[in-house]
Amino acid sequence: MSPAPTTTTSSAGNIHDPTSPAYKKAKKQHIKTTRNRDKEIDLDWTPFRAAEKKYKAKFPPPDLTDVLDLGLLDEKREDEITQGGWRGKSDAVEVEEVPMGKAAIRAFVIPRIPGLVVLPSFVTAQEQKDLVRWSLRDQAGHPNDTNLDAHYLLPEEGLWNAYTKSNRNQGPDTLVQPRIIAGSSSGSDADLPGPRKLISNTPANPDNFHILTSSPKPPPAPSPAAQPSSPALLIPKLRWANIGWSYHWGSKQYDFTKGKAPVGENVRNLCKRAVSAVNWEQVFGNQEHADGWGDDDWRTWEETYEPDAGIVNFYQTKDTLMAHVDRSEVCATSPLVSISLGNAAIFLIGGLTRDTAPIPILVRSGDVIIMSGPACRRAYHGVPRILDNTLPPHLSHIADEGGDDHEDGDWVEYERYMRTTRININVRQVFPKGFDPGVHPAE
Ligand SMILES: O=C(O)CCC(=O)C(=O)O
Ligand SMILES: [Fe+2]
């Protein structure tokens with residue numbers, strides 16, 4: 001068996017090394033694009049926007065010494081961390097470790113944001129691979145909605161499956177057709193698939209839920225600019241897939257009339273495992289009289305936490321996710337479980353407005369972040385940077401064909417895509433326990 005190829009360092013070299021072609025190219029690009037920039041604009045930035053700008057900067061690459069990097073506490077992750085050259089600090093932000101029942105699992109809270117819990121390396125290497133496969137093969141297609149559905153008539157078998165089939169010459173090389181045929185008059189000015197749009201919405205709660213539910217949820221306008229495209233061309237344009245209750249991106253509200261697709265047993269179990277692993281008494285024990293809690297909340301999560309909706313986010317290395325609050329869920333306290341896979345990223349989380357300076361956290365493959373409780377669930381957060389060259393060795397390993405790792409024979413296709421990708425599985429609970437939405441899921 002020949003040694004497993006590892007991939008990741010780009011041929012142009014390391015962006016952190018001032019003598020490398022990659023560094024010189026970025027510098028040249030930077031000088032070109034900033035030549036006419038109006039310096040005054042900076043004065044209007046909120047602290048959140050300033051942090052986004054800092055971590056988005058292509059040149060010079062941002063200094064990560066203020067970024068909380070809990071992976072550094074685990075010596076088994078040294079190779080993974082060294083590889084991309086991106087390194088934060090394990091004490092960049094005040095954290096407290098929460099004692100756990102199991103030695104293998106560590107959990108940290110950040111006192112500045114009560115309810116924020118970080119579980120580094122919670123997801124095993126094998127589970128990470130399975131979740132990558134699950135995200136692409138099983139979730140990016142029917143019955144789940146994806147960002148591409150608005151503009152293209154996606155293959156029934158799902159985009160990823162059509163892509164791998166044509167890769168292996170197992171099927172006709174069919175083009176995916178746009179929803180609007182070029183030249184037809186019925187079009188709109190909708191953009192082609194791109195970043196998630198910022199739409200302000202009313203926070204959901206048990207009192208306004210029925211009004212929000214009955215507001216119209218028109219389908220998004222297809223782009224007249226979309227062209228017939230091969231699955232290979234569309235795969236990098238995949239940005240999100242809905243899981244569970246159907247999320248209507250136009251209004252930023254759930255469309256309960258569409259019924260509820262399953263969240264997926266694997267993800268449900270993983271999220272429930274994460275929520276049960278945390279000692280919530282340690283997290284919220286001193287918060288008893290804080291505003292915003294329902295009657296029976298964190299004390300019962302071990303039994304009542306039930307994920308029923310979510311988004312699988314697919315990021316290419318240039319992609320960002322702007323500051324936002326996830327406030328469409330009727331339950332504003334129940335844990336939101338966020339699973340990181342593939343390349344690492346900078347995750348920013350602040351307060352109830354963009355005026356609070358956010359905390360930067362370096363999230364790596366297998367890390368889980370839980371956002372829970374009223375202060376954290378309604379806090380602004382976003383992802384200003386995907387860190388290139390950070391696909392960890394356990395995901396960039398390709399088993400030999402005919403080697404002893406038969407199970408992994410298909411990984412080569414996933415690995416190729418994952419070299420430039422981060423996947424985030426963002427799982428929510430829409431309804432508090434005992435709340436009857438009066439809608440009947442079509443499961
Ligand atoms: O990608 C992430 O880590 C966060 C994603 C997120 O905030 C969301 O999907 O609402
Ligand atoms: Fe979010």
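Numbering starts at 1 and runs along the sequence shown. Each ligand, and each atom within it, is numbered from 1 in the order the structure gives.
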Q: Have a look at Asp326 and say which of its N, O or S atoms is nearest the Fe ion (ligand 2).
A: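 That would be atom OD2.
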
Q: Check step by step if side chain to side chain contact (heavy atoms under 4.5 Å, CB included) holds for Trp134 and Ile423.
A: CA-CA 11 Å; Trp134 175 87; Ile423 296 179; over 6 Å; no

Q: Could you tell me whether some N/O pair between His381 and ligand 1 is separated by less than 3.5 angstrom?
A: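 The answer is yes, given that His381 and ligand 1 share an N or O pair closer than 3.5 Å.
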
Q: To the nearest 10°, what's the angle at the Fe ion (ligand 2) between atoms NE2 (His324) and NE2 (His381)?
A: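 Answer comes to 90°, rounded to 10°.
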
Q: With atoms numbered from 1 as shown, which atoms in ligand 1 lie under 4.0 angstrom from a non-hydrogen atom of Tyr315?
A: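 By the 4.0 Å cutoff, the relevant atoms are 1 (O), 2 (C), 4 (C), 5 (C).
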
Q: At a 4.0 Å threshold, what atoms of ligand 1 neighbour a non-hydrogen atom of Asp326?
A: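 Atoms satisfying the 4.0 Å criterion: 10 (O).
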
Q: Considering the heavy atoms of Asn313, write down every atom of ligand 1 situated less than 4.0 Å from one of them.
A: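 Every atom of ligand 1 under 4.0 Å from some heavy atom of Asn313: 5 (C), 8 (C), 9 (O).
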
Q: Counting only heavy atoms, tell me which of Val312, Asn424, Val363 gets closest to atom 4 (C) of ligand 1.
A: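 Among Val312, Asn424, Val363, the closest heavy atom to atom 4 (C) of ligand 1 comes from Asn424.
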
Q: Heavy-atom contacts with Val383 under 4.0 Å: which atoms of ligand 1 show up? List them by number with element.
A: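 With Val383 as reference, the close atoms of ligand 1 come out as 1 (O), 2 (C), 3 (O), 4 (C).
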
Q: Atom CZ of Arg422 and atom CG of Leu321: how far apart are they, to the nearest 0.5 Å?
A: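 Between atom CZ of Arg422 and atom CG of Leu321 there are 9.0 Å.
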
Q: Using a strict 4.0 Å threshold on nitrogen-to-oxygen distance, state whether Asp130 and Arg133 make a salt bridge.
A: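 Yes, this pair counts.
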
Q: Checking Glu127 now: which residues fulfil side chain to side chain contact (heavy atoms under 4.5 Å, CB included) with it, not counting sequence neighbours?
A: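 For Glu127, the residues satisfying side chain to side chain contact (heavy atoms under 4.5 Å, CB included) (neighbours in sequence not counted) are Val123, Thr124, Leu270, Arg273.
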
Q: Under 4.0 Å from a heavy atom of Arg422: which atoms of ligand 1 are those, numbered in the order shown and with their elements?
A: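 So the atoms of ligand 1 that pass are 1 (O), 2 (C), 3 (O).
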
Q: For Glu97, is there an ion pair with Arg106 - N to carboxylate O distance below 4.0 angstrom?
A: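 Between Glu97 and Arg106 there is a salt bridge, with a charged N closer than 4.0 Å to a carboxylate O.
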
Q: Taking the six-membered ring of Tyr315 as reference, does the NZ or CZ atom of Arg239 fall below 6.0 Å from its centre and within a 45° cone about the axis?
A: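 Output yes; distance and angle both within limits.
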
Q: For Pro114, what residues pass the side chain to side chain contact (heavy atoms under 4.5 Å, CB included) criterion, not counting sequence neighbours?
A: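 Expected list: Gln287, Ala375.
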
Q: Provide the number and element of each atom of ligand 1 under 4.0 Å from a heavy atom of Arg428.
A: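 Listed by number with element: 8 (C), 9 (O), 10 (O).
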
